[in-house]
Amino acid sequence: MPRGWLNRRHILVVVIGMLLVSSLLPVSVARPIAMVPYTAVTAVLSPISRVLKTFSDTLRPGYSLEIEAGTFNSLRADRDQALKTIQELELQIVDLRERLARLTESSVSESRQIEARVIWYSSDLSNPVLRINKGLKEGVTPSLAVVWGVQLIGVVQDANRLSAEVSPITAPGTEMWVRVVPPNPNSRRRLAGQLRLSDDGRSFYLDVARDAPLEIGDLAHLADAQGIWPPEASGFVVGKVQKISDHPERPLSLKRAIVQPLYDLPRLSWVSVLEPVN
Amino acid sequence: MNWIAFGIAAYMCLALEMGLRTLLLFPGGGVGQVSPSFMLVLATFVALRAPAAMVTWVMLVLGLLVDLTSTTIADGPVLGPAALGYVLGGWAVLQLRAMVFRESVLTLAVTTCIAGVFVHLGTVFLLSMRGPVTGEPVASFSAADQLVHRFLQLLYTVVLSLPAGLILLRLAPAFGFRSRLSSRMVETVRG
């Protein structure tokens, strides 16, 4: 090895320095660097280590979780029954709150619709906003409900004399109680639950018991009895059940429905603001 | 040093360490189960006999292999902590090896214990520094728990180094270790 600027000792110092930096890198950076050698080492080792692992497991098998099938089934039945009872009670609570709201606020639930054109929208998922061409001059004030046909769009967030900004229902952190019913008005099937915004910021999810009466195509209507939403918005459609799948964490007891709003925010050209009559 | 023999030995030790982990698990009380490290025994064995200039490189290679197969960081392997810990352990052995009788299994066991202390202290120090430096502490990582766990692992490794040392001493000629002193002695005898 020559005694110039690049000798074995210098290379060693550089390698040690690089390893020092590598060992203190965030996992998001360090992991991709290590994945190639990791894959290679694992692939090279796997033939013999697998044989040795099988040998080890034969000589010393792992612990097995032994649960009596009868006890397990009984517990599962109890859990299912409890979930069903909770679901029914939630439904009754929503019914009673709606009834109470109707009795106490019947005078303000009547409303007139102010039609407005959508003049701008923000596609930023962290703060989606619609701007409409009606403002204080036409009676559009903050916290009024905004709809599009039977679909609830959102709530007026801010208003000036000539225009107003609407925060759509897909704004981050949205949670709302809904009643999910089939499109057929004669059907008696219904379900109450709480919608939460999905990570994609465009749809909602609803976690319900596995045996809950829910089908693709059902409509979720706002059933807000806590006073979070304007009373005029109650009963408007929040979205349609597009997909039903197993709950990602509790697939044995729950299922997850994806509820998609009926509107397409970028294509929305007009909306109606619900102004209470009294 | 015969690098092919060393490569085969490293491969076998790593495969044994990964494959026999279930079989050799020993209850470690509140810090989880412990298993011995074949790689540490091999590293100490090589550090005792290989030329000083090569020891650091050997330690780097073995440490990197340990980094790649380590599960301390659950999110994925990170190169460095064990590699630098092994370099530190190799340095410790280099300071000691002139004073010990290398042909004894007991020497290997004691040196493994000393080297292991340096290896684990270095590794745990670097893993502990990840939190303050990167802002991403290793999940469920406690330096105290790690030190206790690794100390128990080291004791187990020292016990293992007795039978493993016997095998390695038998295989020593295959590694082709030859120090400068022994070459001179050979030349003197030949001359």
Check: Just how far is it from atom CZ of A:Arg50 to atom CE of B:Met18, taken to the nearest 0.5 Å?
Finding: 11.0 Å
Checklist line | Heavy-atom check, side chain of A:Leu24 versus side chain of B:Met129, under 4.5 Å | finding: yes
Checklist line | Polar side-chain atom of B:Arg130 near backbone of A:Leu25 as donor-acceptor pair, under 3.5 Å | finding: yes
Next item on the list: State, to 0.1 Å, how close A:Ser23 and B:Pro81 come at their nearest heavy-atom pair, and which atoms those are.
Entry: CB-CD, 3.4 Å
Margin query: Which heavy atom of A:Ala34 sits nearest to which heavy atom of B:Leu68, and what is that distance?
Written below: O-CD2, 3.7 Å
Item checked: Option that, when pairs with chain B are counted at under 4.5 Å, heavy atom only, ranks first among A:Val15, A:Ile48, A:Val21 -> A:Ile48
Notebook entry, point to check: Do A:Leu12 and B:Leu60 come close enough that some side-chain heavy atom pair is under 4.5 Å?
Noted result: yes
Note to self: With a sphere of 6.0 Å drawn around OH of B:Tyr156, does it hold more than 12 non-hydrogen atoms of other residues, nucleotides or ligands?
What the structure shows: yes
Notebook entry, point to check: Given a strict heavy-atom distance threshold of 4.5 Å, which part of B:Leu126 is in contact with chain A: side chain, backbone, both, or neither?
Noted result: both
Note to self: Between B:Val133, B:Thr56, B:Leu20, who has the most heavy-atom pairs with chain A when the cutoff is under 4.5 Å?
What the structure shows: B:Leu20
Notebook entry, point to check: Where the side chain of A:Ser56 meets the backbone of B:Gly19, is there a donor-acceptor pair that is under 3.5 Å apart?
Noted result: yes
Next item on the list: In sequence, state the C-alpha distance, the side-chain angles, and the governing distance for B:Leu64 and A:Leu19, and then conclude on side-chain contact (heavy atoms from CB on, under 4.5 Å).
Entry: CA-CA 9 Å; B:Leu64 279 172; A:Leu19 285 172; 3.6 Å; yes
Note to self: Check this for me: B:Ile4, atom CD1, are more than 12 non-hydrogen atoms of other residues, nucleotides or ligands nearer than 6.0 Å?
What the structure shows: no
Checklist line | More than 12 heavy atoms of other groups within 6.0 Å of B:Phe151 CZ | finding: no
Check: Can you tell me how far the CG atom of A:Asp57 sits from the CG atom of B:Leu23, to the nearest 0.5 Å?
Finding: 9.0 Å
Checklist line | Heavy-atom contact with chain A under 4.5 Å, split by part of B:Leu25 | finding: both
Margin query: Please classify the contact of B:Leu16 with chain A as side chain, backbone, both or neither, using a heavy-atom distance under 4.5 Å.
Written below: both
Margin query: Minimum heavy-atom separation for B:Ala15 and A:Ser49, please, with both atom names.
Written below: O-CB, 4.1 Å
Check: Heavy-atom distance under 4.5 Å to chain A: side chain of B:Leu84, backbone, both or neither?
Finding: side chain
Check: Mind checking which of residues 38-47 of chain A sit less than 4.5 Å from chain B, heavy atom to heavy atom?
Finding: A:Tyr38, A:Val41, A:Val44, A:Leu45
Margin query: Check this for me: A:Met18, atom CE, are more than 12 non-hydrogen atoms of other residues, nucleotides or ligands nearer than 6.0 Å?
Written below: no
